[in-house]
Amino acid sequence: RLADGKTKSLKGRFLHITDIHPDPFYKSGTSAEEVCHRGKPKDASDTATRFGVAMNGCDSSMDLMNYTLDWVEKNLRDKIDFVVWTGDNIRHDNDRRFPRTESQIFDLNAKVASKFEDMFRNKDSINPRDFDVTVIPSLGNNDVFPHNLFSLGPTLQTRELNSMWSNFIPQEQQRSFDRGTSYFVEVIPGKLAVLSIETLYLYKANPLVDTCDSKKEPGYQLLLWLGYVLEELRSRNMKVWLSGHVPPLPKNYDGNCFHKFTLWTNEYRDIIIGGLYGHMNIDHFIPLDAKKSWKAVEKSS
Amino acid sequence: GKSIRANGEEFDDEYESDDVLDGAVEASDARTMGAKPVNKVAYIDGVREAYYEKIASKAGSSFSIERKKKNHNKKHKNRDKSKKQYKGKVDRYSIVNVAGSVIPTFNPSFRVWEYNISGLESDYSVSGMPAQGWQKFFDNLEVQILRDLEDESSLSGLANTLSRNRKVDKTIPPRMPADLPLGPAYVPQLFTPTRFVQYYADLEAIERKYQKEVKKGASEEDAAAKAFAYKVEYTSDDAPYPMKSLLTGDYLDLAVQLANNETFWSKFKERAFLSTGYDD
């Protein structure tokens with residue numbers, strides 16, 4: 001029974017979906033060597049098919065994205081409680097004839113966000129924030145312009161994001177989102193939250209990220225935010241999933257960012273359930289060792 | 001890594017050996033300009049070497065909390081002591097789940113997680129809960145973070161360095177209080193993940209079916225509707241290495257099995273690449 005008098009039944013399931021990479025320039029029958037945008041295919045293996053060919057280097061056709069989301073809506077929507085969606089909602093910058101522009105990136109991200117809203121909102125409600133299935137998006141390194149480069153806000157990009165995700169981000173967090181683009185959603189009010197972490201502030205390939213040891217670093221400020229939020233969730237006796245695009249691995253996160261982030265995930269092990277990430281496109285798991293990270297942080301300081 | 005190495009310090013053994021991933025990750029960075037997989041077998045073999053084999057070398061026979069509990073309780077009657085013993089081993093780890101993608105780097109995929117909601121099914125109500133007060137929390141948070149950042153920002157040079165050394169770095173967490181119980185990642189309880197179902201779209205099979213339908217005279221839209229579907233690729237409790245639950249201890253057990261068993265490792269790789277048969 002929710003605070004507004006409505007009721008909602010829990011299913012005990014949730015969906016994690018990531019790295020959709022839809023490409024509006026994808027054209028069936030073209031050559032995979034030309035990233036499925038043009039050209040006559042050399043043979044069958046080089047041919048762009050309607051739903052794509054695994055491992056041929058092309059992004060997702062719009063049909064692949066649309067049919068995937070339709071399948072999810074028909075087969076999973078009513079069986080899940082929430083959706084963790086970890087970014088990269090735009091094609092790669094891999095075609096010199098069609099360089100990506102900032103407006104294309106915003107437009108397609110907004111369209112995909114709108115699709116998720118339509119799929120999971122309460123269709124009987126006039127409240128745009130009334131979702132049958134809560135959606136928690138996070139930002140991918142391809143969702144920003146220039147590629148990988150993303151600074152602390154408020155900037156044009158953080159405001160655009162705030163605007164396109166405004167129905168996903170709780171209202172009281174929208175100002176804080178404008179600065180740090182991280183937020184959390186109480187997927188079961190008072191009990192369970194999902195944190196959407198701006199991993200680009202910890203990401204080595206982001207030219208604006210150097211370490212997490214200086215107060216001017218975006219990663220430092222993200223970790224401050226994370227610490228206060230985790231402590232508050234602990235004090236409220238809530239449990240939490242962490243989510244984001246770039247997974248916390250030593251080769252992905254810069255300087256001490258990896259070790260410090262590992263420490264937070266471990267020292268709040270009374271409330272953190274686990275971490276859900278995308279970016280690598282390979283289904284696997286990594287056990288992070290906090291003892292090693294403590295040693296590394298102590299040595300470096 | 002740069003900041004540590006600049007001081008002439010070395011990484012701990014675990015992350016030193018992570019260098020084995022260097023080539024693969026560089027390839028992964030290059031790949032960000034496109035979706036074609038490169039050196040992914042090298043990468044996943046590197047994960048095995050840098051993480052799973054390290055854990056296997058440290059583990060006795062198993063990291064499973066329940067199993068260790070049983071074994072220990074046979075030898076010792078003091079339960080509190082036994083808890084401390086395995087708590088120290090398992091709970092130093094946290095699990096990072098990295099997902100397969102929709103983009104057909106391999107076959108498109110996503111995952112449905114199942115979690116424990118015992119006790120919440122029938123009688124959980126938030127209507128009687130005290131006001132959440134998140135607005136107040138976020139107003140205070142903004143002020144607090146600004147205060148933290150301004151604390152030393154006016155200082156410079158040596159004064160700044162000395163001050164930094166004296167003050168606590170708030171981006172390093174305090175140790176978890178000893179009296180707090182382990183959470184859902186370590187001990188079965190409300191919200192513990194219990195199982196997952198990995199879905200995938202077998203693009204080759206979909207294309208075959210699509211062409212067959214078109215040849216039979218179906219319209220392209222009808223053919224697509226008939227051909228396109230996601231299927232279950234595997235579940236976490238499937239053979240050959242079924243996980244009885246998804247606690248951290250179960251993942252560590254699996255890491256040990258993957259390090260030691262070539263058949264399991266081969267299956268794990270097949271699943272990591274979403275049943276595409278990918279090889280470098």
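What you see is a predicted model; the values in this text were computed from it and never measured. A note on names: the letters A, B, ... follow the listed sequences, proteins ahead of strands, and every chain is numbered from 1.
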>> Would A:N75 and B:Y199 count as a side chain to side chain donor-acceptor pair (under 3.5 Å) here? Give the steps.
In response: CA-CA 12 Å; A:N75 296 280; B:Y199 289 91; over 6 Å; no

> Atom CD1 in A:I273, atom CZ in B:F191: separation rounded to 0.5 Å?
Replying inline: 7.0 Å

>> Can you see whether A:W294 has B:R92 sitting over its ring - NZ or CZ less than 6.0 Å from the centre and within 45° of the normal?
In response: no

> In terms of heavy-atom pairs under 4.5 Å, which option from B:F137, B:F138, B:F228, B:F268 contacts chain A the most?
Replying inline: B:F228

>> With a 4.0 Å cut-off on N to O distance, would you call B:E221 and A:R50 a salt bridge?
In response: yes

>> Here's a test for you: under salt bridge (Lys or Arg N to Asp or Glu O under 4.0 Å), which of B:K58, B:K89, B:K54 qualifies with A:D289?
In response: B:K58

> Which distance, rounded to the nearest 0.5 Å, do you find between the CD of A:E232 and the CG of B:L141?
Replying inline: 9.0 Å

> If you tally heavy-atom pairs under 4.5 Å against chain B, which of A:L192, A:L223, A:I17 wins?
Replying inline: A:L192

>> Looking at every non-hydrogen atom in both residues, tell me the closest pair between A:T18 and B:A99 and how far apart they are.
In response: CG2-CB, 3.9 Å

> Of the backbone (N, CA, C, O) and the side chain (C-beta and beyond), which part of A:Y26 lies under 4.5 Å from a heavy atom of chain B, both, or neither?
Replying inline: neither

> Which region of A:N56, side chain (C-beta onward) or backbone (N, CA, C, O), has a non-hydrogen atom less than 4.5 Å from a non-hydrogen atom of chain B, or is it both or neither?
Replying inline: backbone

>> Does any backbone or side-chain atom of A:V53 lie under 4.5 Å from a heavy atom of chain B? Answer side chain, backbone, both or neither.
In response: backbone

> For the residue pair A:F184 and B:W134, is the inter-centroid distance of their aromatic rings smaller than 6.0 Å?
Replying inline: yes

> Given a strict heavy-atom distance threshold of 4.5 Å, which part of B:Q211 is in contact with chain A: side chain, backbone, both, or neither?
Replying inline: neither

> Can A:D81 and B:Y115 be said to form a side chain to side chain contact (heavy atoms under 4.5 Å, CB included), step by step?
Replying inline: CA-CA 10 Å; A:D81 300 320; B:Y115 64 102; 2.5 Å; yes

> For the atom pair CD1 (B:I172) and SG (A:C212), what is the distance rounded to the nearest 0.5 Å?
Replying inline: 11.0 Å

> Does a side-chain heavy-atom distance below 4.5 Å link B:Q189 with A:K239?
Replying inline: yes

>> If you count heavy-atom pairs within less than 4.5 Å of chain A, which of B:P174, B:A185, B:G183, B:S94 leads?
In response: B:S94

> What about A:H284 and B:Y52, are their ring centers closer than 6.0 Å?
Replying inline: no

> How long is the span from the CG atom in A:D23 to the CD1 atom in B:I103, to the nearest 0.5 Å?
Replying inline: 8.5 Å

> Once you round to the nearest 0.5 Å, how far does CD1 of A:I282 lie from CG of B:L274?
Replying inline: 9.5 Å

> Side chain, backbone, both or neither: which part of B:Y234 has a heavy atom under 4.5 Å from chain A?
Replying inline: side chain

>> Strictly below 4.0 Å, N to O, side chains only: are B:D91 and A:K291 in salt-bridge contact?
In response: no

>> If we define contacts as heavy-atom pairs under 4.5 Å, which of B:V102, B:N107, B:I95 has the most with chain A?
In response: B:V102

> Which class fits the ring pair A:F285 and B:Y251: parallel under 30°, tilted 30 to 60°, perpendicular over 60°?
Replying inline: tilted

> Of the backbone (N, CA, C, O) and the side chain (C-beta and beyond), which part of A:W241 lies under 4.5 Å from a heavy atom of chain B, both, or neither?
Replying inline: side chain

>> Quick check for you: among A:G275, A:P248, A:G12, which has the greatest number of heavy-atom pairs under 4.5 Å with chain B?
In response: A:G12

> Which residue out of A:Y228, A:W264, A:F51 racks up the most heavy-atom pairs below 4.5 Å with chain B?
Replying inline: A:W264

> Shortest non-hydrogen contact from B:Y230 to A:L64?
Replying inline: OH-CD1, 4.4 Å

> What residue, out of A:K74, A:M55, A:R234, A:H16, has the most heavy-atom pairs lying under 4.5 Å from chain B?
Replying inline: A:M55

> Salt bridge check: are A:K260 and B:D169 linked by an N-O gap of less than 4.0 Å?
Replying inline: yes

> Among A:K79, A:Q171, A:Q173, who wins on heavy-atom pairs under 4.5 Å with chain B?
Replying inline: A:Q173

> With chain A, which of B:A227, B:S109, B:A229 has the greatest number of heavy-atom pairs at distances under 4.5 Å?
Replying inline: B:A229

> Can you find a heavy atom in the side chain of A:Y277 that is under 4.5 Å from one in the side chain of B:N97?
Replying inline: no

> Which of the residues A:G227, A:G278, A:C58 is involved in the greatest number of heavy-atom pairs with chain B at under 4.5 angstrom?
Replying inline: A:C58

> Between A:D270 and B:P181, what is the shortest heavy-atom contact and its length?
Replying inline: CB-O, 3.2 Å

>> When you compare the side chain of B:Q144 with that of A:L224, does any pair of heavy atoms fall below 4.5 Å?
In response: no

>> Less than 4.5 Å to any heavy atom of chain B: does that hold for the side chain of A:V84, its backbone, both, or neither?
In response: neither

> Are B:K170 and A:E231 close enough, and set up right, to give a salt bridge (Lys or Arg N to Asp or Glu O under 4.0 Å), and what steps lead you there?
Replying inline: CA-CA 12 Å; B:K170 287 191 176 174; A:E231 187 55 35; over 6 Å; no

> Which residue pairs pass the salt bridge (Lys or Arg N to Asp or Glu O under 4.0 Å) test with at least one member in residues 277-288 of chain A, sequence neighbours excluded?
Replying inline: A:D283-B:R111

> Relative to each other, are the rings of B:F110 and A:W71 parallel, tilted or perpendicular (30° and 60° limits)?
Replying inline: tilted

>> Counting neighbours of CD on B:E204 that are heavy atoms of other residues, nucleotides or ligands and sit closer than 6.0 Å, is the number greater than 12?
In response: no

>> Which atoms of A:R91 are under 4.5 Å from chain B, going by heavy atoms: the side chain, the backbone, both sets, or neither?
In response: neither

> Between A:S176 and chain B, which part of the residue has a heavy atom less than 4.5 Å away: side chain, backbone, both or neither?
Replying inline: side chain

> What is the distance from atom CG of A:N281 to atom CZ of B:F106, rounded to the nearest 0.5 Å?
Replying inline: 7.5 Å

>> For B:I145 and A:W225: C-alpha separation, side-chain torsions, deciding distance, then whether side chain to side chain contact (heavy atoms under 4.5 Å, CB included) applies.
In response: CA-CA 7 Å; B:I145 288 180; A:W225 176 91; 4.1 Å; yes

>> Between A:E217 and chain B, with a heavy-atom cut-off of 4.5 Å, which part of the residue counts as in contact: side chain, backbone, both or neither?
In response: neither

> What part of A:L76 lies closer than 4.5 angstrom to a heavy atom of chain B: side chain, backbone, both or neither?
Replying inline: side chain

> If you tally heavy-atom pairs under 4.5 Å against chain A, which of B:Y210, B:F273, B:F196 wins?
Replying inline: B:Y210

> So which heavy atom on B:Y186 is nearest to which on A:R269, and how close?
Replying inline: CE1-CB, 3.3 Å

> Among all residues two or more places apart in sequence or in another chain, which pass the side chain to side chain donor-acceptor pair (under 3.5 Å) test with A:E33?
Replying inline: A:K42

> Which region of B:L258, side chain (C-beta onward) or backbone (N, CA, C, O), has a non-hydrogen atom less than 4.5 Å from a non-hydrogen atom of chain A, or is it both or neither?
Replying inline: side chain

> Which atoms form the tightest heavy-atom contact between A:R13 and B:E114, and what is the distance?
Replying inline: CG-CG, 3.6 Å

> Given the options B:A225, B:G100, B:A255, which has more heavy-atom pairs under 4.5 Å with chain A than any of the others?
Replying inline: B:G100

